[in-house]
Amino acid sequence: MVKITLDGVSHDVEDGVRLRDLAPQGALAAILNGNPVDLATSLKQGAEVRWLTFDDEEGREIFWHSTSHLMAHAVKRLFPRARLAIGPAIDNGFYYDFEVAEPFTDRDLKRIEREMRKLATRGLPVRRRVFPKAKLEHYYRFMGEDLKLELLEEIEDEEVSLYEQDDFLDLCRGPHLDDTSRIGAFKLLSVAGAYWRGDEKNQMLQRIYGISFPTREQLDEHLLKLQEARDADHRILNRTLDLFAIFEEVGPGLILWKPKGTILRKVIEDFWTAEHLKRGYQLVTSPHIARAELWKISGHYDYYKENMYFTTIEDHEYAIRPMNCPGHMMLYRSTKHSYRELPLRYAELGTVYRYERSGVVQGLLRVRGFTIDDAHIFCTPRQASDEVADVLDLCLYMIDAFGYSDIKVELSLWDPDKRDKYAGTPDKWEEAQKILEGVLADKGVPYKSMIGEAAFYGPKIDIKLLDALGRSWQASTIQFDFNLPERFGLTYVGEDGAEHEVRVIHRAVLGSMERFIGGLIEFYKGNFPLWLSPYQAAVLTVTDAASEYAAEVAADLIDEGIRVVTEFSADKIGAKIRKFETQKVPYMVVLGAKEAKEGTLTLRRHGEGDLGTFSLKEMLKLLKKEIKQRR
C-alpha cells in the first residue's frame with residue numbers, strides 16, 4: 001500500500017493502482033503532482049491527485065483535444081490520402097488541419113460526423129504509446145505524413161509519445177480521454193483555409209472547426225447560443241445601425257467611421273479622457289510616422305518588422321507606427337526628471353497600423369488600422385505597487401461602466417528556466433511579478449497564472465471580457481516594461497542625487513477602440529444604453545401641422561445635451577416608428593396636432609412601446625437620470 005492525496009484527503013491505496021480505478025463518475029482526467037495526466041496513469045507513493053471534469057478548464061481542453069483526434073480518425077478513414085497537420089483544443093471547441101487535394105464540402109462534414117459517431121459508439125480504448133524518435137521518423141516517412149514528420153524533426157527528445165485508438169495513431173503529448181465513448185455529443189461547425197504554421201508562404205490546408213460535450217443537451221444549448229451569437233454579429237447589426245463601412249478600394253482592415261459610429265467613438269473617448277484627467281494623467285500626442293531609427297532603438301525594427309509598414313522620405317526610411325510606446329519614451333527623455341516629479345502618467349488615444357493577413361481580417365475585431373488607449377507611467381520602484389493598484393481600479397471601474405460583469409483575469413509570468421528569452425534582470429522580474437500578484441490579492445481579484453506567457457520585456461495582467469457564449473474579448477492590459485527604459489536610457493535623479501533607471505508601466509484600459517466597439521455592439525446586440533447610443537431620441541411628426549412645434553422640441557433637447565435625430569417627412573407615423581425601432585434609437589418623441597396644441601409630447605421606448613404623455617421637463621428629467629446611471 002502507498003499513501004496518496006485525493007482532492008486534499010489522504011488515502012492508502014495499492015501500489016501501482018490506475019487512476020481510472022479510483023476516479024469518481026464524471027472524471028475525465030486528473031492533475032497528478034501538478035501535471036495533467038490520463039486516467040490510465042499508475043499511482044506511486046506521495047501522489048497528489050485532483051480530478052478533472054468537464055467543468056474544469058483543463059478538463060474541457062482534454063475533452064476537446066480528444067474530439068479533434070476522433071475527427072482526424074474519421075477523416076483518415078474516409079479520405080485516406082489526407083495528410084494530418086495539427087488538431088488543438090481552442091477557447092470554444094477544437095479544430096484539425098488537413099492537407100487534401102480538394103476542399104472539404106458541407107456534405108463531407110456530414111459524412112465525417114457520421115463516421116465520428118460510429119467510432120465513438122464503439123468505445124475504442126485510447127492508449128498512450130512511447131516510441132524511439134528514429135522509429136517514428138521511419139513510420140511517418142513510410143506513411144507519407146510529411147507535416148507530422150516536420151513536427152517530429154523539431155522534437156529534441158529521443159523518445160516521443162503518440163496516442164492510439166484502433167488503427168489511428170497521432171503524434172501527441174496528451175493527455176486524452178481513456179475511450180471514445182466518453183465523447184457524448186459533437187458538431188462540426190465550419191471549414192476554412194489555413195496556411196501551414198500560419199505562414200502564407202506555406203501550403204494552404206483545410207481547417208475543420210468543431211465543438212463537443214458530454215451530453216446532447218449541453219450541445220443543443222451551446223448551438224442555440226451560437227445562433228444567438230450569429231444574430232448578434234456586429235457586421236450584420238451594422239447593416240441597420242450604420243456605424244462604419246469597409247471598402248475594397250480603401251483596403252482590408254481599414255475602417256471608415258460613419259456619423260453615428262463617430263458619435264459613439266467620441267462618447268467613449270470623452271468618457272475615457274475625463275476619467276484619465278481625474279486620475280492625474282497628462283494627455284500627449286505623437287506622430288503617426290517616425291524614422292526607422294526610432295524603431296531600431298526600441299527593438300521593434302528587428303523583432304516586429306514583418307508586421308510594420310515602411311516608406312521613404314528624402315532618402316530616409318520611415319515607419320508607420322505599429323505602437324505608441326517609443327513616442328512616449330522620447331517625450332519622457334526630452335527633459336531631465338527628479339524623483340519629486342514622479343509618477344508621470346502619459347496617456348494617448350493613438351492610432352497605429354499593423355500588417356494583418358487579409359485572411360484573418362474580420363470586421364472591427366481584427367483590423368490593420370486601430371486606435372489604442374495607451375498610457376505609460378514613469379515611476380520609482382517604490383511607487384510601482386500603488387500605481388499598478390490605481391490602474392487596476394481604473395480598469396475595473398471602466399469595464400463596469402460599460403456594463404460588463406463577467407471577466408477573466410490572467411497573470412502572465414516569465415519562465416525562470418528560460419532566462420535568456422527575457423529583457424531585464426531576474427531581480428526586476430521577481431519584484432515586478434510580486435507587485436502584480438500582490439495587487440490582485442489585495443483587491444480580491446481571482447486570476448490564473450500563465451507561466452511562460454509573459455512578453456520578453458515584462459510580466460503583465462490581462463483582463464478579458466466574457467460574453468454569453470463564454471467567448472473572451474481582450475480589454476485591459478497592465479504591463480511592466482524592462483526593455484524600453486534600458487534601450488532609451490530613461491532615468492530620474494533620486495534622493496541620493498544619483499541617476500536611477502525609471503520603472504515603466506505600460507497599460508491600456510479598453511485596448512483597441514475598434515475591437516472594443518465591435519465587442520460592445522455584440523454585447524448589447526445594438527441596443528446601447530442611453531448614455532452610449534449615437535442618437536438618444538428621434539423626434540417624429542404625425543402631420544405637417546406639428547413640424548414647427550417639433551423643430552422647437554428638437555432644438556430644446558439639443559440645448560440640453562440630448563443627441564437628437566428628426567424625421568418630419570410626409571411618411572405615415574407607423575413607418576417612421578418602424579424605421580427608428582430598426583435603428584434601435586432608445587426613445588421616440590411623437591408629435592401631432594394634439595401635442596402641438598397642448599405643448600406636450602408622446603414618448604415611446606425602443607422595444608417597450610408607448611410610455612404615455614409627458615411634458616418636455618418631465619422627459620428631460622427621465623432621460624438625464626438614465627444617462628447618469630449609465631445603464
Side-chain angles (χ1 to χ4, degrees), residues 26 28 53-68 70-71 74 87-96 104-117 120-121 177 180-192 207-241 362-366 402-408 464-475 515 517-529 581-582 584 606-608:
L28 304 175
T53 70
F54 194 79
D55 292 332
D56 299 300
E57 185 176 338
E58 302 102 317
R60 289 192 295 276
E61 183 177 341
I62 291 167
F63 194 94
W64 287 334
H65 186 46
S66 298
T67 315
S68 80
L70 180 68
M71 179 175 69
I90 52 178
D91 283 347
N92 275 288
F94 59 89
Y95 71 76
Y96 210 111
F104 291 120
T105 65
D106 289 342
R107 182 173 176 272
D108 291 332
L109 295 192
K110 291 177 182 177
R111 291 179 61 206
I112 295 166
E113 271 190 14
R114 284 196 295 270
E115 191 65 27
M116 289 172 68
R117 289 192 187 94
T121 54
L177 303 177
T180 59
S181 67
R182 303 295 300 274
I183 306 171
F186 46 82
K187 179 69 177 175
L188 302 187
L189 300 172
S190 62
V191 61
R207 175 171 295 178
I208 301 177
Y209 289 94
I211 186 68
S212 61
F213 291 90
T215 69
R216 181 74 205 186
E217 290 75 19
Q218 289 170 301
L219 175 63
D220 289 343
E221 182 181 351
H222 182 80
L223 294 178
L224 180 61
K225 288 182 178 179
L226 277 180
Q227 184 57 52
E228 292 173 355
R230 282 191 285 270
D231 293 341
D233 188 309
H234 71 284
R235 294 166 296 182
I236 295 174
L237 289 170
N238 185 58
R239 295 171 189 169
T240 53
L241 296 175
Q362 180 191 357
L364 296 176
L365 306 183
R366 194 78 177 263
F402 285 102
Y404 290 99
S405 56
D406 292 334
I407 63 172
K408 180 169 68 175
K464 299 180 178 180
L465 313 178
L466 301 179
D467 65 13
L469 269 178
R471 297 177 303 178
S472 61
W473 304 81
Q474 177 64 47
R515 184 177 58 214
I517 292 176
L520 206 62
I521 294 169
E522 299 196 4
F523 180 71
Y524 284 112
K525 299 182 175 63
N527 296 303
F528 297 116
E581 280 287 339
T582 301
K584 302 181 187 292
H606 168 64
E608 297 179 21

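- Side-chain contact between H234 and L364: present, with at least one pair of heavy atoms (C-beta onward) separated by less than 4.5 Å.
- The OG1 atom of T105 sits 8.5 Å away from atom CZ of R111, with the distance rounded to the nearest 0.5 Å.
- A 4.5 Å side-chain heavy-atom check between Y96 and I208 finds every atom pair outside the cut-off.
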> Would Y404 and F523 count as a ring-ring contact (aromatic ring centres under 6.0 Å, His included) if you check the C-alpha gap in whole Å, the side-chain angles of each, and the deciding distance to 0.1 Å?
Replying inline: CA-CA 9 Å; Y404 290 99; F523 180 71; 4.2 Å; yes

>> Between L219 and I211, does the side-chain contact (heavy atoms from CB on, under 4.5 Å) criterion hold? Intermediate values first, please.
In response: CA-CA 8 Å; L219 175 63; I211 186 68; 3.9 Å; yes

> Please walk me through it: do M71 and F186 pass side-chain contact (heavy atoms from CB on, under 4.5 Å)?
Replying inline: CA-CA 10 Å; M71 179 175 69; F186 46 82; over 6 Å; no

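- Contact record, E581 with H606: OE1-ND1, 2.7 Å, taken as the closest heavy-atom pair.
- A side-chain donor-acceptor contact under 3.5 Å links D233 to the backbone of R235.
- In this structure, the separation between CD1 on I183 and CG on L70 is 4.5 Å, given to the nearest 0.5 Å.
- Counting heavy atoms from C-beta outward, I90 and Y209 have side chains that approach closer than 4.5 Å.
- What you find for A89 and H65 is that their closest heavy atoms are CB-N, 3.9 Å.
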>> Between L188 and M116, is the side-chain contact (heavy atoms from CB on, under 4.5 Å) condition met? List the steps.
In response: CA-CA 10 Å; L188 302 187; M116 289 172 68; 4.0 Å; yes

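- When all heavy atoms of W64 and S212 are compared, the pair lying nearest together is NE1-O, 2.7 Å.
- Taking CZ from R114 and CG from L109, the interatomic distance works out to 11.0 Å, rounded to the nearest 0.5 Å.
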> What's the verdict on side-chain contact (heavy atoms from CB on, under 4.5 Å) for L189 and L223, showing C-alpha distance, side-chain angles and the deciding distance?
Replying inline: CA-CA 10 Å; L189 300 172; L223 294 178; 4.0 Å; yes

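- Residues satisfying the salt bridge (Lys or Arg N to Asp or Glu O under 4.0 Å) test with D220, not counting sequence neighbours, are R216.
- The salt bridge (Lys or Arg N to Asp or Glu O under 4.0 Å) test applied to R60 returns no partner, not counting sequence neighbours.
- Summarising the geometry, atom CG belonging to N92 is positioned 7.5 Å from atom CG belonging to L226; distances are rounded to the nearest 0.5 Å.
- A salt bridge is defined here as a Lys NZ or Arg NE, NH1 or NH2 lying under 4.0 Å from an Asp or Glu carboxylate O, and R117 with E113 meets this definition.
- With contacts defined as side-chain heavy-atom distances shorter than 4.5 Å, the pair E522/W473 qualifies.
- Ring geometry, H222 versus F213: the interplanar angle falls from 30° to 60°, so the pair is classed tilted.
- For R107, the CZ atom is loosely surrounded, since the number of other residues' heavy atoms within 6.0 Å does not exceed 12.
- Taking the side chain as every heavy atom from C-beta outward, K584 and K525 never approach each other to under 4.5 Å.
- Distance check, rounded to the nearest 0.5 Å: CG of L28 to CD of E61 gives 12.5 Å.
- Using a 4.5 Å heavy-atom cutoff, the side chains of I62 and L177 are in contact.
- Taking the side chain as every heavy atom from C-beta outward, E221 and K225 approach each other to under 4.5 Å.
- A distance of 10.5 Å separates CG of L241 from OG1 of T582, quoted to the nearest 0.5 Å.
- Residues Y95 and S68 fail the side-chain proximity criterion, which asks for heavy atoms closer than 4.5 Å.
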